[in-house]
Amino acid sequence: MPTSRKALGQAGSPSSSMATDTCCCSPASLQRRLPILAWLPHYSAQWLKMDFIAGLSVGLTVIPQALAYAEVAGLPPQYGLYSAFMGCFVYFFLGTSRDVTLGPTAIMSLLVSFYTFHEPAYAVLLAFLSGCIQLVMGLLRLGFLLDFVSCPVIKGFTSAATITIGCGQIKNLLGLQNIPRQFFLQVYHTFLHIGETRLGDAVLGLVCMVLLLVLKLLRDHVPPAHPEMPPGVRLSRGLVWTATTARNALVVSFAALIAYSFEVTGYQPFILTGETAEGLPPVRTPPFSLTTANETVSFTEMVQNMGAGLAVVPLMGLLESIAVAKAFASQNNYRIDANQELLAIGLTNVLGSLVSSYPVTGSFGRTAVNAQSGVCTPAGGLVTGVLVLLSLDYLTSLFYYIPKSALAAVIIMAVAPLFEAKIFRTLWRVKRLDLLPLCVTFLLCFWEVQYGILAGTLVSVFILLYSVARPKTQVSEGPVLVLQPASGLHFPAIEALREMVLNQALKAPARCAVLECTHVSSIDYTVVLGLGELLEDLHRQGVNLVFVGLQVPVLRTLLAADLKGFQYFSSLEEAEKYVHQDPGTQPYNICEDLVPEHKVALLKD
């Protein structure tokens, strides 16, 4: 990585701006809220060159993808382009990752199709409301809530979405029409009508897929040009790199040229994209009501109709965007601010709704193109945004000739890498229990996305709560019975711990047990009561319980509770020495033997 990019990453990272001064008007605070202030003063001509190349590369990728993703969302093609430029401009000011590009994605487009009934007014309103929710989460610094959606749930949803999107494009790839959008019905009717396949669409779609695959493999195996190479080699490498990076635009243009050639001859063997609204989108408020030929749908009714989408869409948008940002920040050695990312994507969706955008998020594929192109700052997004606006203003008439089978090929090749078959094998080796939320999410998402995500998250939370309620306890039987909880103690775990300690202590030959608490960092009132009852139960049975390895906060809490019979030793050796002492020896009780001022110090907050 060039040293200039690394320096920028360090200058613009949250870690460098986390100053001790917390005043809202301090330079550090302003840089956190406007990350552009961290890197703009250091901007150079070299960065401008790299950002321009990267922005151009992403722009040539996003234009055909935006047209294709609008089809996935069930919206007219221009809505894909309406959604592709606002994030470029907002992220220029607010983004904390130099690599991330915001815009329409396959997964977000699929969610939009589920909750907006293929009605643009619903899609635009969903973008506005999702942005408001994301902004509130960012302002309240609620980014930590995303951590409760586990990686197996995300992988399960992504894998199911990949299959759903891919299968949904087979009808366009084969030129089939009147196929339902519900997944199971879609698969059934696709096989039912397979005999109606249009030869022209099928051949063109397969050719486009092969071309995209060849160009991708070429991109992966041809190293980038270096300044020390001979001019001729460097030029050829640069041309290959440009062609393979803009492969989507090249293949779609190739397909449109073929379709236009047939149109000139008076024969059209392909289903075309058709008319696309010309010009830039009008700037207007989101539709807070919808008037149709038969009725007027109020804002309240629109919100009720979108239902769970108002939770699922903003949540998945944040998860996808932050996951992409973290992945590339780790790869390129800089840090991002999750809460600032919430503000960036939230404001993008709110402002995007003013120009008829549907909900957007961070794109993994285009972010990868951005990073591989050597982008240095979020300024690369400005080039991408301008390119999209120019295409809306001047190229929409040419979009008429783009075959739907070519766009289907672009979508299928874009989402194919998102399916990770190896995750099942990895979880089987690492932790088989994590396969449960993965499989629950994966299977239920084919029925309803919100049910899959909700069920998978609940299963993950249940697994987490079970580990809290039943922490593993290591038992060492020797001269002294030693019991060591493997994790913290919280109120759901105390009854199980009491039963286990009682059973083990009563079976042990020695009439003493040691509770080794090195891993216990905090306890609550219920745990304190439970430990007090445990001490009394063991005392009635003639068994002595002593504590070892208590951390200071836990020790302070137990001292404040003044438990009867509470004895503590700093090490296991001291506890064993006490156990084997002469019967007449006075037991060591920390509550009695502490020097008064030391005990008072421990009890202080």
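Computed over heavy atoms, backbone and side chain alike; hydrogens, waters and symmetry mates excluded. Index from 1, following the sequence.
For the 3.5 Å distance criterion, the side chains of Ser109 and Tyr358 qualify, holding a donor opposite an acceptor. With hydrogens and angles left out, the side-chain atoms of Ser357 and Tyr79 include no donor and acceptor closer than 3.5 Å.
Aromatic ring centres of Phe92 and Trp39: separated by under 6.0 Å. Here Phe364 and Phe328 bring their ring centres to under 6.0 angstrom of each other. Ring centroid separation for the pair Phe93 and Phe89 does not come in under the 6.0 Å cut-off.
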List the steps and the verdict of side chain to side chain contact (heavy atoms under 4.5 Å, CB included) for Leu129 and Gln134. CA-CA 9 Å; Leu129 296 177; Gln134 291 161 340; over 6 Å; no
Could you walk me through whether Thr377 and Asp51 pass the side chain to side chain donor-acceptor pair (under 3.5 Å) test, one step at a time? CA-CA 7 Å; Thr377 71; Asp51 286 344; 2.6 Å; yes
Evaluate the side chain to side chain contact (heavy atoms under 4.5 Å, CB included) criterion for residues Val449 and Ile453: first the C-alpha distance (whole Å), next the side-chain angles of each, then the deciding distance (0.1 Å), finally the verdict. CA-CA 6 Å; Val449 170; Ile453 296 172; 3.7 Å; yes
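Checking each of Asn248, Asn172, Leu173, Val252 against Leu407 for a side chain to side chain contact (heavy atoms under 4.5 Å, CB included) leaves exactly one that passes, namely Val252.
Within a 6.0 Å sphere centred on OH of Tyr188, other residues, nucleotides and ligands contribute 12 heavy atoms or fewer. Other residues, nucleotides and ligands contribute more than 12 heavy atoms inside 6.0 Å of the CZ atom of Phe184. In the displayed structure, Phe288 atom CZ is contacted under 6.0 Å by more than 12 heavy atoms of other residues, nucleotides or ligands. Summarising the local packing, OH of Tyr451 is surrounded by 12 or fewer heavy atoms from other residues, nucleotides or ligands at distances under 6.0 Å. Within 6.0 Å of NZ in Lys155 there are 12 or fewer heavy atoms belonging to other residues, nucleotides or ligands. No more than 12 heavy atoms of other residues, nucleotides or ligands lie within 6.0 Å of CZ in Phe491, so this atom counts as exposed by the packing criterion.
When side chains are defined from C-beta on, Leu382 does not count as touching Cys88, because their heavy atoms never get closer than 4.5 Å. Two residues are said to be in side-chain contact when any heavy atoms from C-beta on lie closer than 4.5 Å; Tyr69 and Val360 fail this criterion. Residues Thr245 and Leu60 are not in side-chain contact: their nearest non-hydrogen atoms beyond the backbone lie 4.5 Å or more apart. Side-chain contact between Pro437 and Ile463 is present, with at least one heavy-atom pair separated by less than 4.5 Å. When side chains are defined from C-beta on, Gln169 counts as touching Val72, because their heavy atoms get closer than 4.5 Å.
In plain terms, the two heavy atoms of Ala121 and Pro287 that are nearest each other are O-CG, 3.4 Å. Summarising the geometry of Leu290 relative to Met302, their closest heavy-atom pair is N-SD, 3.9 Å, with the distance given to 0.1 Å.
Residues passing the side chain to side chain donor-acceptor pair (under 3.5 Å) test with Tyr91, sequence neighbours excluded: Glu341. With sequence neighbours left out, the salt bridge (charged side-chain N to carboxylate O under 4.0 Å, His left out) criterion links Arg470 to no other residue.
Judged by a 6.0 Å distance limit and a 45° cone about the ring axis, Arg425 is not positioned over the six-membered ring of Trp428.
In terms of modelled atom types and a separation under 3.5 Å, the side chain of Thr361 and the main chain of Gly317 share a donor-acceptor contact. Judged purely by atom type and a 3.5 angstrom limit, Ser363 uses its side chain to pair as donor or acceptor with the backbone of Arg366.
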